[in-house]
Amino acid sequence: MPQQDKTQEAAIAATAGQQNDRFADRPADRPADRYNPQLVETKWFGRWQNDPHLYAADQVSGHADPIKKKYYVLEMLPYPSGVLHMGHVRNYSIGDALARYMWMNGYNVLHPMGWDSFGLPAENAAIANNTPPRQWTLGNIAKMKAQMKRLGFAYDWSCEVTTCLPEYYRWNQWFFLKFYEKSLAYRKKSKVNWCPKCATVLANEQVVNGCCWRHEDTLVEQRELEQWFLRITKYADELLRDLGQLDGWPEKVRTMQRNWIGRSEGTLVDFKLDYSQPTQPFGAAGATISVFTTRVDTIFGATSVQLAPQHPIVADLAAANPDLRVKIDQLIAEQRQAKEAGDIGEIEKHGVFTGRYAINPFNGEKVPVWVANYILMDYGTGAIMSVPAHDERDYEFAKKYKLEIRLVILPRSGDPEETMCEPALPFTAEDGTLINSGQFSGLDCAEAIKKMSAHAEQNGFGKATVTYRLKDWGISRQRYWGTPIPMLYCEKDGIVPVPEKDLPVILPENVEITLAGGSPLSKLPAFVNTTCPKCGGPARRETDTMDTFVDSSWYFYRYTDAHNGRAPFESKTAQYWFPIDQYIGGVEHAILHLIYSRFWTKFMRDLGLIANNEPVEHLFTQGMVIKDGAKMSKSLGNIVSPDEMVARYGADAARLYSLFAAPPDRDMDWQDSGIEGIQRFLGRVYRFVLRNAKPNRTDWGNMVPADLPPQARAIQRKLHQTIKRVSDDFQGRWHFNTCISAIMELVNALYSYEESVVSDRVARAPSPASAGGEVAAATPQPPAAEEAASIALRAEVQRSLVLLLAPFAPYLAHELWEMLGEKENLLKAAWPRYDAALAKEEEIEIPVQINGKLRSRVVVSADAGEDVVVDRALADEKVKFAIAGKQIIKKIYVPGKLLNIVMK
RNA sequence: GCCGGGAUGGCGAAAUUGGCAGACGCAGCGGACUUAAAAUCCGCAGGGGCGAAAGCUCUGUGGGGGUUCGAUUCCCCCUCCCGGCACCA
């Protein structure tokens, strides 16, 4: 504990004796008279530490309570960098509030936490500090776990998952074998991002503006490497289709996934190179150029074929033409530069004519074959037909190189009699009619696309097809700190999977980590050299490790059965808990993690391990934590440390503030002064309960009488309104900022009530109150009936107030709960219910407008009809004045809301 | 360029279905308590004008238009900020 707190504590202890003796009936360990978060939180922290099963879900196999409904609430697991940041605190505060709310509503709640603990930072740290990645990682986990516990998050640590341990990653390997068995894992050559300074592969997300994230002046190269892929594209259609069912997901995320999958229906059409011009032999790539188009209806307007510079046919054509080779290399360089600069969209279009022609199979026309820098090899077939009249890019290109522009679609006119007019070019809309298109002239575009695709297929030069932007998932990483891919290479038997019984393939330790010379594992003969399980001969191990997104694709299933040594998890248990009821995390994972997870779930379903089609029922993406107008980052120096906040204001204040400052789905602006206000509020609650809690009284639980005095009735109404507001938000829109505001309003109302009751009593009292500052002590006794009503009401209010606060500020809530003399565990105490009748206002104030301008207000009973309101309004002096001498045209009454009198 | 989200007091924000704009909190100001300060409690507070004051009045939700008795909210156009995607054929 910091020195400051010790002195503060000492000061409190020293003054304690001087305080009045109203709490003489409290036991010796009585609470401090002032809210001291450190005292409260360390006390409960200690108790919770000693109860490891506090937050454990009911066991499923055997004796889960069949009446309780399950609720699986999950926050995205962190990478163990070693220190929590405010974004984590916000994320976990949302999930924790929800978990606690669900517990209090009687659910069987699963609320686990784990560590996404493989990945490159551990290797960097190993190089920088000469610490083994495992040691560094496990040390970080210990630190962050301690931080999480101190923050009071209610996790069931008995099912903690640490992805870098063999007990977990062996199941990554097991799944990989299953993928391989089903032909969904395969090996092929592929382009990867390569940083020459790091001498290693980078993930796409580690390439920033075409440069290495750690060497910002070093351009990333593309290298061809043999890589393992998972065939996610097999599920592309299902992944797309089922997005439609995920109505518990933000539309933004669904849209992002839809775009990422990028399904595009179109037609493949084969253009044969012109045989009548055999000036060169055809190369290995053959003589047919297959193009992909979504607008086969415009094919009669195709006036050239455009190839990506990397297209295999281009290499053949250029082989015998050094001049062409030079120009094409130039195009490749331009394209690469644009990609690296991240503005491939703005590349200036360049192309070069190959000197060859191809034949449009629809009309037998010869069209020139060009190579262009705006054609991408990794989309479609890397070749297009160019239709300048009906495509903006083709139009721009044709204008530049003076290629023919031929109109083949006219806009469809609404009136069939009307002559169709020539559109401004390029005309790219799909509501048109074909012209100059042989037998297809006169068809609508949509109909033409179908008929022309069918025509191509019947005649063997094309077919309707679907293309995706989504690519198969390359999971090989030439790094050390990851799951070894369980495959072997035998000279005799080729690629051989490691037999299941030999799993896990253990990641060796005591490995020298360097950035040079390829994967560290490849330099370990003891790891690499093994025997082939088929022939017993010598074999080499795969030395690549898996992408860490593999780890996070299924970890939430492992939570349900974290210690299973025979299977990744027990199906029955997973079926009980899945799908996840609520998943909470940052929107930055909208694509990768969340699409991989969906893919993995569908694969596990096809394996028969689970029954659900989707892993996550409701997804919530919280906003970023911002300070001084920018995302918190070391380089900007605007980091707020959770540890420091906990030390200064307490975990409750840090958590409550992270929920109070903005709605959770929006970015929140961290202001140090804001958290002080929250601490003040918690102190106000503390003092109120401290003043009013009288745990030894026997009339504590008495029913609140129906005929309360008006001021007490107002408090009761406010209480029930507050319970309604907070409960509704948990059920619906999750605007915890306004929930907390509502609780603050309730507390403010209690202070006013206390004040007014006291002043009433003082007014009634025979003599002025004696000095002393503490209102209650100075108060003369009220009549017995009123006192009883007041006590019963206060008991209800205080209990409910503490319960309402429990999801947001658990430490203080537990402390106050104990102060109230409650014995039951607050975590399992019933969430307060509101009574709609008690929450209802008896009298309401109706604003009266004249011609839309507010002129007065009238007070009526809540169930008053329009006549009453109008009568009351017309009798109002201000209204009378405003309408004098004018004529009432109409009266608009919105029940319970407003009256507007329209005048002339 | 396309697709989202956003713009409201000095600041973070609220207004849930078209109905009193600014709840709640911060900062600020005034008062009480105190020898004093801190802490605490009470009160004031969008801006302009008039008024000693109570109050009255005009104005105000990025800008411009529209629909409506009534618009922060719905429609059209524009500006700026944030996020994602981007010659995807």
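Throughout, a chain's letter reflects where its sequence line sits, starting with A, and its residues are numbered from 1. Because the structure is predicted, anything quoted here is derived from the model rather than measured.
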* To do: Over 60° means perpendicular and under 30° means parallel, so classify the ring planes of A:Phe362 and A:Phe300, tilted if in between.
  => perpendicular

* With respect to the side chain of A:Ile384, which nucleotide from B:G70, B:A27, B:A89 is positioned closest? -> B:A89

* To do: Have a look at A:Ile375 and say if it touches a base, only the backbone sugar-phosphate, or nothing, with a 4.0 Å heavy-atom cut-off.
  => base

* Structure fact -> Between CZ of A:Arg295 and P of B:A89 the distance, given in whole Å, is 12 Å

* To do: Quick one: label A:Asn748 by what it contacts on the DNA or RNA (base, sugar-phosphate, nothing), any heavy atom closer than 4.0 Å.
  => sugar-phosphate

* Using purine N1 to pyrimidine N3 plus N6-O4 or O6-N4 for Watson-Crick, or N1-O2 and O6-N3 for G-U wobble, each under 3.5 Å, what pairs with B:U68? -> none

* To do: Indicate whether OP1 or OP2 belonging to B:A38 is found under 4.0 Å from a side-chain N or O atom of A:Arg34.
  => no

* **Under 3.5 Å side-chain donor-acceptor pair for A:Ser290 and A:Asp270** => yes

* Asked: At under 4.0 Å, does any side-chain N or O of A:Arg680 touch on OP1 or OP2 of B:A27?
  -> yes

* Please determine, for the side chain of A:Leu376, which listed nucleotide (B:A14, B:C88, B:C42) has the closest atom? => B:C88

* Asked: In the strands shown, is B:A36 matched to any nucleotide by a Watson-Crick or G-U wobble pair with both distances under 3.5 Å, and which?
  -> none

* Using purine N1 to pyrimidine N3 plus N6-O4 or O6-N4 for Watson-Crick, or N1-O2 and O6-N3 for G-U wobble, each under 3.5 Å, what pairs with B:C80? -> B:G6

* Side chain of A:Thr294: nearest nucleotide among B:G19, B:A89, B:C58? -> B:A89

* Structure fact -> Side-chain atoms of A:Val894 come closest, of B:G19, B:C24, B:A89, to B:G19

* To do: Sticking with atom P, work out how far B:G22 lies from B:G62, rounded to a whole angstrom.
  => 16 Å

* Could you check whether A:Gly262 gets within reach of a base, just the sugar-phosphate, or nothing at all, counting any heavy atom under 4.0 Å? => nothing

* Take atom C1' in B:U67 and the same atom in B:G4, then report the distance between them in whole Å. => 27 Å

* Atom CH2 of A:Trp260 and atom C1' of B:A86: how far apart are they, to the nearest Å? -> 12 Å

* To do: Kindly label the base of B:G9 as syn or anti, based on whether its glycosidic torsion lies within 90° of 0.
  => syn

* OP1 or OP2 of B:A86 sitting under 4.0 Å from any side-chain N/O of A:Asn259? -> no

* Of A:Glu396 and A:Arg857, the one whose closest RNA chain B nucleotide lies more 5' -> A:Arg857

* To do: Quote, to the nearest angstrom, the C1' distance that separates B:G19 from B:U68.
  => 12 Å

* Asked: With respect to the phosphate group of B:G5, does any side-chain polar atom (N or O) of A:Lys252 fall under 4.0 Å of OP1 or OP2?
  -> no

* To do: Just call it for A:Asp729: base, sugar-phosphate, or nothing, with non-hydrogen atoms closer than 4.0 Å on any strand.
  => nothing

* Phosphate-side-chain proximity, A:Arg393 and B:C88, N/O vs OP1/OP2 below 4.0 Å -> yes

* **Atom pair distance, as rounded to whole Å: CE in A:Met256 and P in B:G84** => 7 Å

* Asked: With both distances under 3.5 angstrom, what nucleotide forms a Watson-Crick or G-U wobble pair with B:C85?
  -> B:G1

* Indicate whether OP1 or OP2 belonging to B:G84 is found under 4.0 Å from a side-chain N or O atom of A:Thr255. => no

* Asked: Given B:A15, B:G70, B:G12, which nucleotide is nearest the side-chain atoms of A:Gln671?
  -> B:G12

* Taking the inter-plane angle between the rings of A:Phe292 and A:Tyr379 on a 0 to 90° scale, is it parallel (under 30°), tilted (30 to 60°) or perpendicular (over 60°)? -> perpendicular

* **Proximity to the side chain of A:Tyr751 - top-ranked nucleotide from B:C20, B:A14, B:C41** => B:C41

* Out of B:C88, B:C82, B:A23, which nucleotide sits closest to the side chain of A:Tyr379? -> B:C88

* To do: Tell me yes or no: between the side chains of A:Asp247 and A:Trp249, is some donor less than 3.5 Å from an acceptor?
  => no

* **Separation of B:A89 P from A:Phe397 CZ (nearest whole Å)** => 19 Å

* Given atom CD of A:Glu676 and atom P of B:A27, what is their separation to the nearest angstrom? -> 6 Å

* Geometric class of the A:Phe397/A:Trp370 ring pair [parallel <30°, tilted 30-60°, perpendicular >60°] -> perpendicular

* Residue-phosphate contact under 4.0 Å: A:Arg684 side-chain N/O, B:A39 OP1/OP2 -> no

* For A:Glu392, answer base if it contacts any base atom (sugar-phosphate contacts may also be present), sugar-phosphate if it contacts only those atoms, and nothing otherwise; contact means non-hydrogen atoms under 4.0 Å. => nothing

* To do: Return no unless some side-chain N or O of A:Arg258 is found under 4.0 Å from OP1 or OP2 of B:G4.
  => no

* Interatomic distance, A:Trp249 CH2 vs B:G4 P [rounded to whole Å] -> 20 Å

* Would you mind telling me which of B:A86, B:C20, B:C24 lies closest to the side-chain atoms of A:Phe660? => B:C24

* B:G63 versus B:C11 - spacing of their P atoms, nearest Å -> 15 Å

* For B:U59, does OP1 or OP2 lie under 4.0 Å from any side-chain N or O of A:Lys853? -> yes

* State the CG-OG1 distance between A:Asp394 and A:Thr428, to the nearest 0.5 angstrom. => 11.0 Å

* To do: Provide, to the nearest angstrom, the distance between the CG atom belonging to A:Asn373 and the P atom belonging to B:C88.
  => 14 Å

* Asked: Taking only N and O in the side chain of A:Arg469, is any of them less than 4.0 Å away from OP1 or OP2 of B:C85?
  -> no

* To do: Between B:G48 and B:G10, how far apart are the P atoms? Round to whole Å, please.
  => 10 Å

* Distance (rounded to the nearest 0.5 Å) between A:Arg469 CZ and A:Asp378 CG -> 9.5 Å

* Spacing of the P atoms in B:G18 and B:U79 (rounded, Å) -> 28 Å

* How far does the C1' atom of B:G43 sit from the matching atom of B:C33, given to the nearest Å? -> 15 Å

* Rounded distance in Å between the P positions of B:G28 and B:A38 -> 11 Å

* **Below 4.0 Å: OP1/OP2 of B:C82 and any side-chain N or O of A:Arg666** => no

* Could you please name the option among B:A14, B:G83, B:G19 that lies closest to any side-chain atom of A:Leu898? => B:G19

* Which one, B:C87, B:C20, B:A23, comes nearest to the side chain of A:Glu745? -> B:A23

* Pair A:Gln335-A:Asn373, side-chain donor/acceptor within less than 3.5 Å -> no

* Structure fact -> Separation of B:U59 atom P from A:Leu854 atom CG, nearest Å, is 14 Å

* Please determine if a side-chain N or O atom of A:Arg687 lies less than 4.0 Å away from the OP1 or OP2 oxygen of B:C41. => yes

* With a 4.0 Å cut-off on heavy atoms, is A:Lys631 in touch with a base, just the backbone sugar-phosphate, or nothing at all? -> nothing

* Between A:Pro663 and A:Ser673, name the one whose nearest nucleotide on RNA chain B is closer to the 5' end. => A:Pro663

* Taking atom types as modelled, is there a side-chain donor on A:Asn900 or A:Tyr893 under 3.5 Å from an acceptor on the other? -> no

* Structure fact -> Scanning all shown strands, the Watson-Crick or wobble mate of B:A14 with both distances under 3.5 Å is none

* Asked: Is the ring centre of A:Phe730 less than 6.0 Å from the ring centre of A:Phe736?
  -> yes

